[in-house]
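Inspection log for the structure reproduced underneath, given as structure tokens.
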There are 2 protein chains.
Amino acid sequence: MTRRVTSFDVAARAGVSQSAVSRVFSGASASKATSDKVREAAEALGYRPNVLARSLITGRSRIIGMVVAYLGNPFYPDALERFSRVFQDEGYHTLVFTLPEGAGDTDTDRIIQQMLDHQVDGIVLASVGLGDALAARCEAAGIPVVLFNRGQAGSGLAQVTSANRLGGAKVAEFLVAGGHRRIGHVAGWQGSSTGRDRTEGFVARLAELGQEAVGIEDGRYDHAEAVRATDVLVARGVDALFVGNDHMAFAVMDHLRSALGLKIPGDVSVVGYDDVPMAGFAAYDLTTVRQPVGRMVKATVAALVNQIEDKSAQAEVTEIDGPLILRGSARIPEGLA
Amino acid sequence: MTRRVTSFDVAARAGVSQSAVSRVFSGASASKATSDKVREAAEALGYRPNVLARSLITGRSRIIGMVVAYLGNPFYPDALERFSRVFQDEGYHTLVFTLPEGAGDTDTDRIIQQMLDHQVDGIVLASVGLGDALAARCEAAGIPVVLFNRGQAGSGLAQVTSANRLGGAKVAEFLVAGGHRRIGHVAGWQGSSTGRDRTEGFVARLAELGQEAVGIEDGRYDHAEAVRATDVLVARGVDALFVGNDHMAFAVMDHLRSALGLKIPGDVSVVGYDDVPMAGFAAYDLTTVRQPVGRMVKATVAALVNQIEDKSAQAEVTEIDGPLILRGSARIPEGLA
DNA sequence: CGTGGATTTGCATAGGTGTGCAAAATCAGG
DNA sequence: CCTGATTTTGCACACCTATGCAAATCCACG
């Protein structure tokens, strides 16, 4: 393995100083003449600036740390893929961390520490919370953090979510308009803002319409829990279920049809949340609230890059509205296409 | 933002030299006494070694570059999650790159270049090929490459796949034993080794059993293509379909049931490949050949780490066998549970 | 206590780049 | 051609750690 070619080599060949080479490649001022000479020499030698050395001195790595909890829910791979792509376009790269099963605070701590070690320029937490102590540490290190698809009131952290309360409300309206009077709710994890907000919006709107849920069970965004919740609610005779995300909704539908022998939407209407690609598959054909992933990702990247480039920028809280996508898993009210 | 605390600061406080600090943190020899003093001082100051400076001098970044083409197929998020976890356990981190839609050679080139720029210690290509020129460049840079779930004959690259030929053969045996005599095949992309191998094993075994496929259509690992292929094969009156991967199989099943009104497995048996988690969902209940992701990932990591730590290590080609998982989407032969 | 060997320690330098500062070069205008 | 303003260039140093080498320290044994 031959030694790396450095800026000195290029400088020697081009007949200029090392600083000149550096300036050409970091976009600082340089005359046309030297710039040409340098580029030509670099080309000939196959020179590429050493990213590590550059990061060491500038203190900016152009790497984004991304923590993602659970890729089993297809919403996140989709988001991850988009993140990676958008960051690449912005000239950043994505260092991915996954949280172990029992996501303890110690684990988050260790991961954040490793990110700081790598001097990431920014952090995206997808569906992961951040303790105040850690948030403070990132703040102190001057590393901006954006929460994706999770809010954290009073944390002062930037966050991007969909309009979860509104989404929950839309489902309430839709189900009531569809004539349902025994509505149950397999809630998203109530320890997360998304779960709580969807539930709150849903319950509040139901109340405004003079209804009350027959039952609310926390499905914890988990397959097995969702099935358990379904059993409880079916026992109470529901005729419609609002499920906290699509991932659980699939489990719920499978259980309703296969284990309980119920027809969808004949016996029970089911509505989900996310509009994951799979929701459109014929086997589920799930009516669901769309989370506009593309726009959410773009907003997250924009907020992060903004904070990176302008340290004084404020941490924004962004909510993006998404439509209810009508499919076949829930009875459609008269008068709607 | 306060200046970073360096090894000099720690040295001063502990009353030793900077090299002593370095040695303590890089695990070199140091007496108990100094080691204790250094650790204490480091703790008090909140010192952490600067990874960038370390990488710059050692030439090892402890970062693995990972290229993944398409996270829409749930096989890959699953693998990615495991990779990230296993690498973390080994003290490496994962820099993720995604390939744009029309994965041209130029794109791969650019991505590899960026990885080399970041001086990754190794590269995993998940379901992505590598031109000879690029392979040579990695070789020259001393960066080992392992292909995951893709082979490339004659490339001299390390690769980990499942036993695809054998898997295809198993399906052939299973379908014939089930009494099917009009078997069709929605093949995996014939431009990939996995697609070709599965097809070859399948076709060869069929021939040995005195049968021939009613038709073979390349589904290109794509939903729409798989549906098109299904139409073609159904028109030829198939009573069983071997589909190149689960991702396509779901599309095929949806199309068979919803659009064509056929019963599975009553009218048509369907067998997939991968055993993605979703294959076990009641809505599909897909009989499929399991790719043992866990073992494949571990083998890939082991091969890579081995090559990183011992530059003279040979590039191994690993094939891991996986069982046929019997579920309800295909008629089960007499005498099998 | 003396001596040889093993271990530990400090010095100094390398790794490759960005950047402040002053000197040099360029340019415009009279 | 001269002068002052502006741009370009080179020098030297900073960024922070790892490591070869020689000096120093330690240990055990006679």
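Letters A, B, ... mirror the listed sequences (proteins, then strands); counts begin at 1.
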Roughly how far, to the nearest 0.5 Å, is CG of Asp121(A) from CG of Leu304(A)?
9.0 Å

Looking at residues at least two apart in the chain, or sitting in another chain, which of them share a side-chain contact (heavy atoms from CB on, under 4.5 Å) with Ser19(A)?
Ser17(A), Arg23(A)

Looking at Asp109(A) and Arg137(A), does any basic side-chain N land under 4.0 Å from a carboxylate oxygen?
yes

How many angstroms lie between CZ in Phe97(A) and CD1 in Ile123(A), if you round to the nearest 0.5 Å?
8.5 Å

Looking at Ser55(A) and Val51(A), would you say the former's side chain and the latter's main chain have a donor-acceptor pair under 3.5 Å?
yes

Find every protein N or O atom lying less than 3.5 Å from an N or O atom of nucleotides 13-20 of chain D, and list the pairs.
from: dT17(D); atom 1: OP1; to: Tyr47(B); atom 2: OH; distance (Å): 2.7
from: dT17(D); atom 1: OP1; to: Asn50(B); atom 2: N; distance (Å): 3.1
from: dT17(D); atom 1: OP2; to: Ser7(B); atom 2: N; distance (Å): 2.5
from: dT17(D); atom 1: OP2; to: Ser7(B); atom 2: OG; distance (Å): 2.8
from: dA18(D); atom 1: OP1; to: Arg54(B); atom 2: NE; distance (Å): 2.3
from: dA18(D); atom 1: OP1; to: Arg54(B); atom 2: NH2; distance (Å): 3.0
from: dA18(D); atom 1: OP2; to: Ser22(B); atom 2: OG; distance (Å): 2.8
from: dA18(D); atom 1: N7; to: Gln18(B); atom 2: NE2; distance (Å): 3.4
from: dA18(D); atom 1: N6; to: Gln18(B); atom 2: OE1; distance (Å): 3.1

Check whether any side-chain nitrogen or oxygen of Thr34(A) sits under 4.0 Å from OP1 or OP2 of dT9(D), and answer yes or no.
yes

Examine dT26(C): is either OP1 or OP2 under 4.0 Å from a nitrogen or oxygen in the side chain of Ser31(A)? Give yes or no.
no

Under 4.0 Å between any heavy atoms, over every strand shown, what does Ser55(B) touch: base, sugar-phosphate, or nothing? Just pick one.
nothing

Can you tell me how far OG of Ser127(A) sits from CZ of Phe148(A), rounded to the nearest 0.5 angstrom?
9.5 Å

If the condition is side-chain contact (heavy atoms from CB on, under 4.5 Å), which residues does Ala313(A) pass it with, not counting sequence neighbours?
Asn306(A), Gln307(A), Asp310(A)

Run the numbers on Tyr92(A) and Ser84(A) for side-chain hydrogen bond (donor to acceptor under 3.5 Å, both in side chains), then give the verdict.
CA-CA 9 Å; Tyr92(A) 289 92; Ser84(A) 160; over 6 Å; no

d(CG, Asp9(A); P, dG15(C)) in whole Å
11 Å

Polar atoms only, N or O, under 3.5 Å: list the protein pairs with nucleotides 25-29 of chain D and their distances.
none

What is the distance from CZ of Arg60(B) to P of dA14(C), rounded to the nearest Å?
23 Å

Cationic N near anionic O, under 4.0 Å, Asp36(B) to Arg39(B)
no

Sequence neighbours excluded, the answer for side-chain hydrogen bond (donor to acceptor under 3.5 Å, both in side chains) partners of Arg60(B) is none

Just how far is it from atom CG of Leu45(B) to atom OH of Tyr47(B), taken to the nearest 0.5 Å?
10.5 Å

Angle between the end axes of the helix from dC1(C)-dG30(D) to dG30(C)-dC1(D), five pairs per end, to the nearest 10 degrees?
30°

